[in-house]
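Read the structure below first, then the notes.
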Amino acid sequence: MIRYLARRTLTMAVTLLVISALIFFIIKLPPGDFLTNQIAELRSQGEAASVAKAQFLMQQYGLDRPVWEQYLRWIGLWPNPDGAFNGLLQGNWGWSFEYDRPVREVVGDALWLTLVVNLAVVIFVHVVSIPIAIYSATRQYSLGDYIATFIGYIGLATPSFLLALVMLFYANRWFEVSIGGLYDSAYAGQPWSWDKVKSLLAHLVVPTLVIGLGGTAAMIRRMRANLLDELAKQYVVTARAKGLPPTRALLKYPFRMSLNPFIADIGNLLPHLVSGSVLVSLVLSLPTVGPILLAALKSQDQFLAGFILMFVALLTVVGMLVSDLLLAWLDPRIRLGGSAR
């Protein structure tokens, strides 16, 4: 296991290095950058002092240097003009030109709030969909199965941002309350306290429901199909014929085997929740990294956009590692196959 983790860690590091290069060079593909566009606008307005400041930032961050040198400086493998290495590898997330602040301060609480929302959605999807899928598969073509199927189709067909708009409208019309944000406006900019945490937990219900509804509906349909396929296999029929209790005959192997595709999808699920919920975050005014990333890409704020995309890439590779470890624990065939290699 130690050798496996060491090998995977090395592979993850190489993967993140390749992804960082792709991210940086793709961000640099459009002509110009934030400071170049700002300098052109300031010159047209005759603001010489601001132009001088922008040109200083360009020289400080090497934006007047070749693209490959800018990239190496960004990740911390090329020295700055002062001779020091100060990039992502050294813990420097870069400078946001649009906000005129370090990226660390711009993303701030948005990073861990994004993780909190993602974790809540993952828990919601699995806690809700697994019991419904088991009920639907074990009672095929019953009234409950038809109701679950109908709800699943509704969840798949309803866009998340539309559901968010509907809930915002009716919450304000019927209850005269605002369900936007992740905590009450009175706690904005305030240090974290128990009251602020309680406000966060209360406001977390709506975005969890809105973002997780589509994934829940999809998981119900997929797991129902997987479980029906497993229940029809010969080993289940044999287990029942030998008198194995129905619950044990269901949970011992068919249920575990039907979970494999969903465990394998964890690596894709985490980044999808970040990139796929941008519209919902905008509608519900969620202080997550999705809206910040969208604004950074629009304004060509390269260091801010690059760091957030690297954060999403990190979620992907870590999620893949977690899914592989869970699969090895869940399915003995996978574990034995790994040891044989």
Co-members of Y146 in a cluster of I, L, V, M, F, W and Y side chains, linked at under 4.5 Å: Y141
Residue pair I132, R224: steps toward the side-chain contact (heavy atoms from CB on, under 4.5 Å) verdict: CA-CA 9 Å; I132 295 177; R224 175 184 180 275; over 6 Å; no
Transitive ILVMFWY side-chain link M320 to L314, under 4.5 Å: no
Nearest-0.5 Å distance, CG of residue L77 to CG of residue L72: 6.0 Å
By ring-ring contact (aromatic ring centres under 6.0 Å, His included) - contacts of F24 (at least two apart): Y71, W74
F97 side chain near S299 side chain, heavy-atom distance below 4.5 Å: no
Residues that E230 engages under salt bridge (charged side-chain N to carboxylate O under 4.0 Å, His left out), provided they are two or more places apart: K233
Co-membership, hydrophobic cluster, residues L244 and V237, 4.5 Å side-chain: no
Under the salt bridge (charged side-chain N to carboxylate O under 4.0 Å, His left out) test, residues paired with E69 that sit two or more places apart: R65, R73
Heavy-atom pair of closest approach, residues M219 and V125: SD-CG1, 3.7 Å
For P207 against H203, the heavy-atom pair lying closest together: CD-O, 2.9 Å
Spatial distance of atom CG (N226) from atom OG (S258) [nearest 0.5 Å]: 6.0 Å
Side chain proximity check, D109 to P287, heavy atoms < 4.5 angstrom: no
Aromatic centroids of W95 and F303 separated by under 6.0 Å: no
Donor-acceptor under 3.5 Å (S20 side chain, L17 main chain): yes
Steps toward side-chain contact (heavy atoms from CB on, under 4.5 Å) verdict (K198, D195): CA-CA 5 Å; K198 290 192 294 185; D195 290 335; 3.5 Å; yes
Side-chain touch L209/M167, heavy atoms, less than 4.5 angstrom: yes
For R221, all residues meeting salt bridge (charged side-chain N to carboxylate O under 4.0 Å, His left out), sequence neighbours excluded: none
Any side-chain heavy-atom pair of M223 and S129 under 4.5 Å: no
Main-chain N/O of K196 paired with S199 side-chain donor or acceptor, under 3.5 Å: no
Distance-minimising heavy-atom pair for L231 and L250: CD2-CD1, 3.8 Å
Shortest non-hydrogen separation from G76 to F85 and the atoms involved: O-CD2, 3.5 Å
Any donor-acceptor N/O pair, T9 side chain to L5 backbone, under 3.5 Å: yes
Residue pair A305 / L297: nearest heavy atoms and the distance that separates them: CB-CD2, 3.7 Å
Heavy-atom closest contact (F307 atom, L88 atom, distance): CD1-CD2, 4.2 Å
CG on D301 to CD1 on I308, rounded to 0.5 Å: 9.0 Å
Remaining members of hydrophobic cluster (4.5 Å side-chain criterion), I147: L143, I151
Partner set under ring-ring contact (aromatic ring centres under 6.0 Å, His included) for Y135, not counting sequence neighbours: none
Sequence neighbours excluded, every pair satisfying side-chain hydrogen bond (donor to acceptor under 3.5 Å, both in side chains) that has a member inside residues 22-32: K28-Q70, K28-Q302
Residue list, ring-ring contact (aromatic ring centres under 6.0 Å, His included) with W174, at least two apart or on another chain: Y170
Criterion side chain to side chain contact (heavy atoms under 4.5 Å, CB included) against L304, the qualifying member of V103, L293, V289: V103
N/O donor-acceptor pair under 3.5 Å between S285 side chain and S281 backbone: no
Residues L168, V283; criterion side-chain contact (heavy atoms from CB on, under 4.5 Å); working and verdict: CA-CA 9 Å; L168 278 175; V283 171; 3.5 Å; yes
Flag for R101-S96: side-chain donor and acceptor within less than 3.5 Å: no
Single-linkage hydrophobic cluster, 4.5 Å side-chain cutoff, V128 and Y153 together: no
Donor-acceptor contact below 3.5 Å, side chain Q140 vs main chain A137: no
Pairwise distance OG1(T288) to CG(L113) - rounded to 0.5 angstrom: 8.0 Å
Cluster link V205 to V121, ILVMFWY, side chain under 4.5 Å: no
Cluster link V322 to F311, ILVMFWY, side chain under 4.5 Å: yes
Side-chain donor or acceptor of T15 paired with backbone N/O of T11 under 3.5 Å: yes
R8: salt bridge (charged side-chain N to carboxylate O under 4.0 Å, His left out) partners, not counting sequence neighbours: D324
side-chain contact (heavy atoms from CB on, under 4.5 Å) evaluation trace for I220 with I130: CA-CA 7 Å; I220 290 173; I130 289 177; over 6 Å; no
T316 side, atom OG1; M310 side, atom CE - distance, nearest 0.5 Å: 10.0 Å
Partners meeting side chain to side chain donor-acceptor pair (under 3.5 Å) with T216 (sequence neighbours left out): none
Approximate separation, where rounding is to 0.5 Å, of I211 CD1 and L286 CG: 6.0 Å
Over 12 non-hydrogen atoms of neighbours within 6.0 angstrom of CZ in F25: yes
Under the side chain to side chain donor-acceptor pair (under 3.5 Å) test, residues paired with T114 that sit two or more places apart: none
